[in-house]
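Inspection log for the structure reproduced underneath, given as structure tokens.
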Amino acid sequence: MNVQFRKDIFAGLNEVQKEAVLCTEGPVLVLAGAGSGKTRVLTHRIAHIVQRKLARPRQVLAVTFTNKAAGELKERVAAITAGGDEVAAGTFHSTMLRVLRREAKALVYPQDFSVFDNDDSVRLVKQILDDANEAGKFRPKLVHAVISRLKNDFVAPEQYAKHAKSPLDRAVAHVYPEYNRRLKILAAMDFDDLIVQATRLFREHPSVLATWSSRWRYLHVDELQDTNFAQFELLRLLAGSQRPNLFAVGDDDQSIYGWRGARVENVFQFQEAFPETKVFRLEQNYRSTQAILDLANAVIEQSDRRERKRLWTARGGGQLPEVIGLATDQDEAREVADRIGRAVMSGRRAFSDFAIMYRTNAQSRLFEEALRSRRFPYQLLGGVGFYSRKETRDALAYFKLCLNPRDDISLRRIISEPPRGIGATTLERLKSFADEHELSLFEAMERACELRALNARAANACAKFVDQVNAWRTALANEPLEKWAASVLEESGYIARLRDEKSFESQGRLDNLDSLIDSLAEHAAAGRSLTEYLEQAALATDQDKYDPHADSVRLMTIHAAKGLEFPAVFITGLEGRTFPLQRPDESEVRDPDEERRLFYVAVTRAHDELALTYSGRRRVWGQLQERSASTFLRELPEDAAEWRSARSAFTSSPGTDEPAAAGSASERIRRLQRRRAAEDLPMLGQAGAEEDAERSASQEIRDVPPDDVPAVRNGDLVLHHTYGQGIVLDVSPFRDTVRVLVEFDGGVQKRLVQSVARLQPVKDFE
DNA sequence: TCGGTGCTTATTTTT
DNA sequence: TAAGCACCGA
């Protein structure tokens, strides 16, 4: 082979990485520390396989943790070698979904089965509990979680029933088989089925297994430490009994999904399951400064771990991480936002350099408010995201019902949304008829006229609805997707109802539906079907929504931050009970080691700057609680971080003493600054800033009468509390928003959207 | 059948 | 605090 291309593939890899890439035959385990370039190894190895023609791109499978990671992997392979984008890559779930669609016949499932997301599944469990008169005794979510664990551990309902003792156990023992039975009737699979049914498929149909395992000649698995029992079993099956070409990457220190059945043990059992495994260790970190790594090492060394690793970096020194104590959770949010503001205003950082991380989603709110009130752009990953908003889910339920009318969960969701004369009583009667004949609700509705129990009015309403759905089903094949979707929402009366409401909230919902239609249009333009759209909506992870190109602060749980990295990271809420998280009704932290690994994961996301914050008081469920610094902080070596207490959120205004750069805008700002200093005027808007956290954006919008907006005009010079000065570029007459151009010494320009309520024009200038 | 009111309850973390 | 749910009255 010629030396030239080898140089391409191996350029920039260290010795261990190179060896791992070259080791293409047989099982390989790479123990990869955080930031040690495992994605690089993965992409280069696949590129190497493709380029050496050991296999065609589609014969290479890579199982990643998110679909986004899969997409990036393909891109990166494609950047090195032709055909890289044809590599089969996806999550366990999306990969197996493709298999199951193709092989549905073998499992006696309809090929167009629905995929139930968590919400759907929990609703189904709730149905069953309600039917069994167990409503209210057990939380459906909990029961579903137990069932999910059982499925992934391959515990069959009959097996479980034998050992059921506690009331919860017995409830689960009742719900579990019924839940499976109904999924089948509804022609649906839940998330766990995608793995478990695939395993069943491969076990019971050796010829099917043979097809797929010979198709994928090279297997890759990322994040091995977060795979569960069923997934490992799936790997074993696909790998076959011969010496498989199976390449796994993992880090036991980063195992953070134990609560959903992930088994770190899979990392250690890999070598037993696959004899002759070659092991490589990646310990050089390319991401963080030494100061950050020192802290990370200090954190993880406190845990009992099986594989001793110690990360090191060639990036010596670095800024010492800071520990910042605040009085309250609101101060914490303000401090974080202010620090971001100062760094951005000084031109030292962009918004997108920052990530704010927290233990639980509920903590995001204060940060959102603080950022929003300053008009800083931000992206929230996770939480109540787009696909879990009510209106989005309702709309998707209409679409799902059209694809699979047997989907009772979707039907129930929208049957009274808007109300159409089919209420609880009618539904109850339909349901008993459906149960009797093993039908879905929709099928029962189709036969509503046979149903004596229904009065004419209800039967009519049913017939009308059935006709409507059938008409939509026909239309789906003949119309462009986005047009079809819009007319479904229109004809169903869903949109009309929102329009009639005319509230602030309903307007937002209509906007969301618009963007849903937009995204459908985009999707359709790429030649994809509605089925595929719904699948990606169901299987989308929080990270899949993350747009790395937008210049905005990222807010996320630490779990959602897995695999990501940022120049500057805030880890917040480092207090007792919050992180490590302890449930209010329990006296101990459930899994202290996993909490610690979570902390470790968070720390190792940072390139250059790291700040750890905590506050003395925090509002939980509306109640103010006293908090102390987290045990994690107390365990840190003295010199691992710089400790400071920032009780006051507003310290000083940014110093900009450099001479003004050329350009009229900065000239004007500079002169203005000098004048203000001379007159000893207070910084404008400072009082307003104090109120920021108390005000939500919606309140602000109502607070400002539209007539007041022209108080600021284009070209005005403005000040906005401590951050800086700028010139108004653009005033929106409808909202209280203003776009402001801020210029700095180096000619750095930042666009901000700020609140008119807080902006005051500087008059009589020049 | 449906909408409104007032009470309860919840917070880990997510494919 | 906020959302979700059960109950009740029209």
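Predicted, not measured: the structure shown is a model, and the values here were computed from it. In what follows, chains carry the letters A, B, and so on, assigned in the order in which the sequence lines appear, proteins first and then strands, with residues in each chain numbered from 1.
For A:Trp259, the ring pair (Phe, Tyr, Trp, His ring centres under 6.0 Å) test picks out A:Tyr257, A:His559, with sequence neighbours left out. Not a single ring pair (Phe, Tyr, Trp, His ring centres under 6.0 Å) links A:Phe465 to another residue, sequence neighbours left out. With sequence neighbours excluded, no residue forms a ring pair (Phe, Tyr, Trp, His ring centres under 6.0 Å) with A:Phe92. In this view, A:Arg619 satisfies the salt bridge (Lys or Arg N to Asp or Glu O under 4.0 Å) rule with no residue, not counting sequence neighbours. By the ring pair (Phe, Tyr, Trp, His ring centres under 6.0 Å) test, A:Tyr358 is found to be paired with no residue, residues two or more places apart in sequence or in another chain being considered.
Listed nucleotides: B:dT14, B:dT13, B:dA10. Nearest to the side chain of A:Thr360: B:dT13. Residue A:Lys126 places its side chain closer to C:dA6 than to any other of B:dT13, B:dT11, C:dA6. Counting only heavy atoms from C-beta on, A:Trp259 has its side chain closest to B:dT14 among B:dT14, B:dT15, C:dT1. Side-chain atoms of A:Arg583 lie closest to B:dT12 of the nucleotides B:dT15, B:dT12, B:dT1. Taking every side-chain heavy atom of A:Arg139 into account, B:dA10 is the closest of B:dA10, B:dT12, B:dT15.
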Could you list the protein-to-nucleotides 2-5 of chain B atom pairs, N/O on both sides, closer than 3.5 Å?
residue : atom : partner  : partner atom : Å
B:dC2   : OP1  : A:Arg420 : N            : 3.4
B:dC2   : OP1  : A:Gly421 : N            : 3.0

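Side-chain nitrogen and oxygen atoms of A:Thr66 include none within less than 4.0 Å of the OP1 or OP2 phosphate oxygen of B:dT15. Between A:Thr557 and B:dT14 there is a side-chain N or O to OP1 or OP2 distance below 4.0 Å. Contact annotation: A:Asn361 side-chain N/O to B:dT14 OP1/OP2 distance is under 4.0 Å. The side chain of A:Arg359 contributes no N or O atom lying less than 4.0 Å from OP1 or OP2 of B:dT12. Contact check, A:Ser94 against B:dT15: no side-chain N or O comes under 4.0 Å of OP1 or OP2. Residue A:Arg260 places none of its side-chain N or O atoms closer than 4.0 Å to OP1 or OP2 of B:dT15.
Atom name C1', nucleotides B:dT11 and C:dA6: the rounded distance is 23 Å, in whole Å.
When each of A:Thr199, A:Val196, A:Thr95 is tested with A:Leu234 by the rule side-chain contact (heavy atoms from CB on, under 4.5 Å), just one qualifies, namely A:Thr199.
Between the side chains of A:Thr328 and A:Asp331, at least one donor-acceptor pair of N or O atoms lies under 3.5 Å.
When heavy atoms are screened at a 4.0 angstrom cut-off, A:Asp192 is found touching no nucleic acid atom at all. Here A:Tyr257 lies in heavy-atom contact (under 4.0 Å) with sugar-phosphate atoms only.
The CG atom of A:Asn118 sits 12 Å away from the C1' atom of B:dT13 (whole-angstrom rounding). Nucleotide B:dT15 holds its P atom 13 Å from the CD1 atom of A:Ile195, rounded to whole Å. Atom pair A:Gln363:CD and B:dT12:P shows a separation of 12 Å (rounding to whole Å applied). Rounded to whole Å, the distance from CZ on A:Phe599 to P on B:dT13 is 19 Å. Atom CG in A:Leu142 sits roughly 15 Å away from atom C1' in B:dT9 (whole-Å rounding). Rounded to a whole Å, the NE2 atom of A:His93 is 9 Å from the P atom of B:dT15. Note: CD (A:Gln623) to P (B:dT11) measures 17 Å, nearest angstrom. In this entry the distance linking CG of A:Leu430 with P of B:dT1 reads 10 Å, nearest Å.
Of the residues near DNA chain B, A:Arg590 and A:Ala458, the one whose nearest nucleotide (by heavy atom distance) lies more toward the 5' end is A:Ala458.
We find that A:Arg236 and A:Glu233 are joined by a salt bridge, their nearest charged nitrogen and carboxylate oxygen being less than 4.0 Å apart.
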